[in-house]
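Here the structure comes first, spelled out in structure tokens, and everything after it is commentary.
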Protein chains: 2
Amino acid sequence: MLNETAVAVLEQTSAAEPEKRIRDRSATERAILKAAKNLLAEEGFQNFGINAVARRAGCDKQLIYRYYGGLDGLVEAIGADLGSWVKDRIPEDTGGMFLLTYGDLMERLSLLFMEALRDDPLMRRIVAWEISENTEQVKRLSEARSKALGLWLDRMRGSLTPPKGVDTAAVNALIFASIQHLVLSAAAGGQCAGLALKNGKDWEKAAIALKRLVRGVYG
Amino acid sequence: MLNETAVAVLEQTSAAEPEKRIRDRSATERAILKAAKNLLAEEGFQNFGINAVARRAGCDKQLIYRYYGGLDGLVEAIGADLGSWVKDRIPEDTGGMFLLTYGDLMERLSLLFMEALRDDPLMRRIVAWEISENTEQVKRLSEARSKALGLWLDRMRGSLTPPKGVDTAAVNALIFASIQHLVLSAAAGGQCAGLALKNGKDWEKAAIALKRLVRGVYG
DNA sequence: ACTGTTACTCACCGATTGGTGACAGACCGG
DNA sequence: CCGGTCTGTCACCAATCGGTGAGTAACAGT
């Protein structure tokens, strides 16, 4: 893999156009970041290292040290980039939902979160990483993710007050933990605690069970 | 670290005699297995390899190849050894519980499982491993764990029929997923989804929320 | 055109990994 | 006693890891 610009140049080499700017720092930086994200999403954190990222980015690892200050900085950049998650995952159409109770809201958020996590391999890998390791790298990344998730929840919640008499923080933590583990387990082995999670039908069952769980506590 | 026997020998040989290692295959095998389990429990699967296990077991890695056929066989042996989990985790005192409803049962099982997982680092690491990787190694280990858990649940359930009209498989999968993620997240970072999980007070809150969740679906 | 800076590549380092073949010593049957 | 098997050790392999210092090629300012 080469720089995007380099690829573009290669593609139009048929013409006699003079090559322009193979040396483009910001493009290289973007290529590195993109390579890192893709690598993390596809391969997981096991084989996530300087050499692998440089290989995939098609540049020398030295550039990663120079531009990001090593893997730590690169991971931090990924974390910073995680803010874009919020924008992508907020449905602009919030209409059609009248008179939301807290139960309505949590049911909707749970299903949305499950769906979002299902088709975001990078986020899944990060969650798995958080659980498996406790280095400073992961801690920072975890904070960024937590922050992004919190922001997402805030945006989605709007101005709705939680019910009294229930420890919503703890209950919601359990609900979201449930979703995360279900999705991660499914992504890894196609099942969770013996429950098959492969085709759409399986996930429909899971969704129904999730609704029932949420409705059970929040009515 | 050396064999226990070897250590004993070393302790009583002041320095005159050349140290002799006891030739005891089964003891060495046990030492290797124990080292592997401890290593996995303490360090996690990140640095789990032939060299690390041999180092901790105080023997040459060649012996791991000979006795277990490499890491795969060793992991499989760990899985086979996982059956003992069931015996350790079944409270012999099942009296004092009259007229169990399914809700009573699931509440009790949930709390027991959470507690059991909380003080079993090896099991936690295995769960985290399952989620993070999908190699043949992990698959076998996962199966063994799943089997052990299933056996445990059977033993605990006794002869109690689940309620109709509820997809108990899916709901229970969600509940146990919730517990696993909560405990793993806590073990890694002392919190889960912003919910602090450090001292006993925190866990008490989590337990209450868990009860509420279970009671919500199963009454 | 000269100079200095920027962007980038390359070669090398020590350490560690998984894996193998050769060897030494202890034990046992003959 | 000898010879073979079992148990354990050691040296070595190629590959990969993270990390660094030095060199090269393209650019910009003058």
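Note that the structure is a prediction, hence the values are computed from the model and not measured. Naming: A, B, ... by sequence-line order, numbering from 1 per chain.
Taking the charged nitrogens against the carboxylate oxygens, B:Lys205 and B:Asp202 have no contact shorter than 4.0 Å, which rules out a salt bridge. Residues A:Lys139 and A:Glu143 are not paired through a salt bridge, judged by the lack of any N-O separation under 4.0 Å between the basic side chain and the carboxylate. For the pair A:Asp120 and A:Arg89, the salt-bridge criterion is met [side-chain N within less than 4.0 Å of a carboxylate O].
With hydrogens and angles ignored, the 3.5 Å screen pairs no side-chain donor or acceptor of A:Ser142 with any backbone N or O of A:Glu130.
Nearest-nucleotide assignment on DNA chain D puts the 5′-proximal partner with A:Phe48, out of A:Phe48 and A:Gln62. Taking for each of B:Ser26 and A:Ala52 the nucleotide of DNA chain D with the nearest heavy atom, the 5'-most of the two is the partner of B:Ser26.
In terms of phosphate contacts, B:Tyr65 brings a side-chain nitrogen or oxygen within less than 4.0 Å of OP1 or OP2 of C:dG19. The shortest distance between the side-chain N/O atoms of B:Thr28 and the OP1/OP2 oxygens of D:dG8 is below 4.0 Å.
Residue A:Asn51 places its side chain closer to D:dG18 than to any other of C:dT9, C:dG19, D:dG18. Across D:dG19, D:dG8, C:dC8, the shortest atom-to-atom separation from the side chain of B:Leu63 is found for D:dG8. Of the candidates C:dT9, D:dG18, D:dT7, the closest approach to any side-chain atom of A:Lys61 belongs to D:dG18. With D:dA22, C:dG19, D:dG8 as the candidates, the nucleotide lying closest to the side chain of B:Ile50 is C:dG19. Among D:dC17, C:dT17, D:dT20, the nucleotide with an atom closest to any side-chain atom of A:Arg55 is D:dC17.
Between the CZ atom of B:Arg66 and the C1' atom of C:dA22 there is a distance of 11 Å, given to the nearest Å.
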What nitrogen or oxygen pairs link the protein and nucleotides 3-6 of chain D at under 3.5 Å?
residue	atom	partner	partner atom	Å
D:dC6	O2	B:Arg23	NH1	3.3
D:dC6	O2	B:Arg23	NH2	2.6

